[in-house]
There are 2 protein chains.
Amino acid sequence: MSDEGEVILDQTGRVLGPRAQTTRQRLLDATTGLLDEKSLRDLRVADIARQVGTSPAAFYQYFKDVEDAVLCLAGQASNEMPSILEHLDGDWRGEAGLERARRIASAFIDHWDQHRAVLRIRNTASDEGDARFQAVRSEAMQPVLMGLAAQVKRNRGDKPATGEHPLAAAAGLAAILERLAAYRRELERFGVTRDDLVETSARIVHRTVTG
Amino acid sequence: MSDEGEVILDQTGRVLGPRAQTTRQRLLDATTGLLDEKSLRDLRVADIARQVGTSPAAFYQYFKDVEDAVLCLAGQASNEMPSILEHLDGDWRGEAGLERARRIASAFIDHWDQHRAVLRIRNTASDEGDARFQAVRSEAMQPVLMGLAAQVKRNRGDKPATGEHPLAAAAGLAAILERLAAYRRELERFGVTRDDLVETSARIVHRTVTG
DNA sequence: TACCTTCCTGACACTCCGTCAGATCCGGAG
DNA sequence: CTCCGGATCTGACGGAGTGTCAGGAAGGTA
């Protein structure tokens, strides 16, 4: 990622002045925009540069390659990981727990609606084994995963008799939350509304957490 | 896909003789092998050709591009979609239903263990919007999705009062099954065994289907 | 051997990548 | 206002990989 910390550097390690920061940000914005139209695979450095009205060479001043820029965007998006953790801790039993689950599901959907293209790439690149994207994704999801696993464990009174593994259950729940949020558009075409998604995933999560 | 029906054609539409079929198959095998080492993005036609001991130009005789070859493999893998549908129909209540769910989960894991690389690409390409991969994936998953949705609907006595949407629930369950199967390796490093995965996903599926 | 079909290849034009030396820009010192 | 020096950008290029084509090799048949 080319965006760690506060001081932003270019590819040779030098601090960026204000003019450069503007250019860099415009390159990032252009990348975001273009990703709504074409896949990462089809996204050319030349496209991004043209959109910004600069030369391809300028792009390489700030980013190693297109993936590097997207990685940066993915980092930003992941950092906006919504207030899910707040909802995690507390009592999961009964209607209050279900409401908790609804809030989490809803926050996930909002998160994905706002960063669909970039989050999709984050996950696919991560699935394909790219270590940098894996790191960004983990950083965002790990707390959710651990939080869910802890709640599963707690609310079952630690009885492993059910045969369910807390971490596996948490991973499964995370899968539902992500997938339904990611596929919102597609499911809508089959008559599944946003509320349906929230309610359905919330109930599965709630049932799984409380056993 | 370059593999529809029985008679196999080359890129110009001519029927393949026995020698050509062998070459084509070797190209496919080499592709499978290389996909275990590198990502689709890094897989060059030249690599595949060299592996087979032929020229890059030969590759283009049988496939439009690398994706086309992988698509063909994805189609083959998807067709081997295991005997999941057999387990879907029937009574889901009680221990028998849970056992049903275990069989499905187990079959999913086997399926993914056998075709991990190709199925991953099928899904990521499909996620990225590639219509051809979407078609292959749908063809494989649609029956599972519909079957699960039908069971959800049936076993709830059609009471929509629970607020869960059958199709959304089915999509969520499919997400769990796929993700846990796809991430088996990674989860194992955290001490989650195959049995844990089967039992956990089976129970979530069973609970969700029976309400 | 001569021939014909099937299959494969060398060679090429093209696209895009990533780098570098040098041009351009711009604010501040004089 | 003019000039200077660092900050920023660019044109031009070597390289890798793609996809195509005319023609060459391989193998069967008579």
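- B/Arg14 comes within contact range of no nucleotide atom at all, as no heavy-atom separation falls under 4.0 Å.
- The side-chain contact (heavy atoms from CB on, under 4.5 Å) test applied to A/Thr210 returns A/Trp92, A/His206, not counting sequence neighbours.
- By the side chain to side chain donor-acceptor pair (under 3.5 Å) test, B/Asp47 is found to be paired with B/Lys38, B/Arg50, residues two or more places apart in sequence or in another chain being considered.
- In this structure A/Phe133 satisfies the ring-ring contact (aromatic ring centres under 6.0 Å, His included) test with no other residue, sequence neighbours excluded.
- Applying the side chain to side chain donor-acceptor pair (under 3.5 Å) test to B/Thr54 and every residue at least two apart in sequence or in another chain returns nothing.
- Residues satisfying the side chain to side chain donor-acceptor pair (under 3.5 Å) criterion with A/Gln134, sequence neighbours excluded, are absent altogether.
- Applying a 4.0 Å cut-off to non-hydrogen atoms, the residues of residues 40-54 of chain B that approach DNA chain D are B/Arg44, B/Val45, B/Ala46, listed by residue number.
- Nucleic acid contact for A/Ala20: sugar-phosphate only, since backbone atoms but no base atoms lie under 4.0 Å from a heavy atom of the residue.
- In this entry the distance linking CZ of B/Phe63 with P of D/dT18 reads 15 Å, nearest Å.
- Scanning for salt bridge (charged side-chain N to carboxylate O under 4.0 Å, His left out) contacts around B/Asp130 gives B/Arg132, with sequence neighbours left out.
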task = Determine, step by step, whether A/Asp110 and A/Gln114 satisfy the side chain to side chain donor-acceptor pair (under 3.5 Å) criterion, reporting the C-alpha distance in whole Å, the side-chain angles of both residues, the deciding distance to 0.1 Å, and the verdict.
result = CA-CA 6 Å; A/Asp110 288 342; A/Gln114 212 155 14; over 6 Å; no

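- From the 5' end on, the contacts that DNA chain C makes with chain B at under 4.0 Å to a non-hydrogen atom open and close at C/dT6 to C/dG10.
- Not counting sequence neighbours, A/His87 has no partner by the ring-ring contact (aromatic ring centres under 6.0 Å, His included) test.
- Residues passing the side-chain contact (heavy atoms from CB on, under 4.5 Å) test with B/Ala20, sequence neighbours excluded: B/Leu16, B/Tyr62.
- Between A/Arg116 atom CZ and A/Asp36 atom CG the span is 10.0 Å, to the nearest 0.5 Å.
- Look at CG on A/Leu27: it is 13 Å from C1' on D/dT8, rounded to the nearest Å.
- Annotation: side chain to side chain donor-acceptor pair (under 3.5 Å) contacts of B/Glu99 (sequence neighbours excluded): B/Arg102.
- Protein atom CD of B/Glu67 is 13 Å distant from nucleotide atom P of D/dT18, rounded to whole Å.
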remark   = In B/S/- notation (B base, S sugar-phosphate only, - none; protein heavy atoms under 4.0 Å), nucleotides 20-30 of chain D written 5' to 3' is BB---------

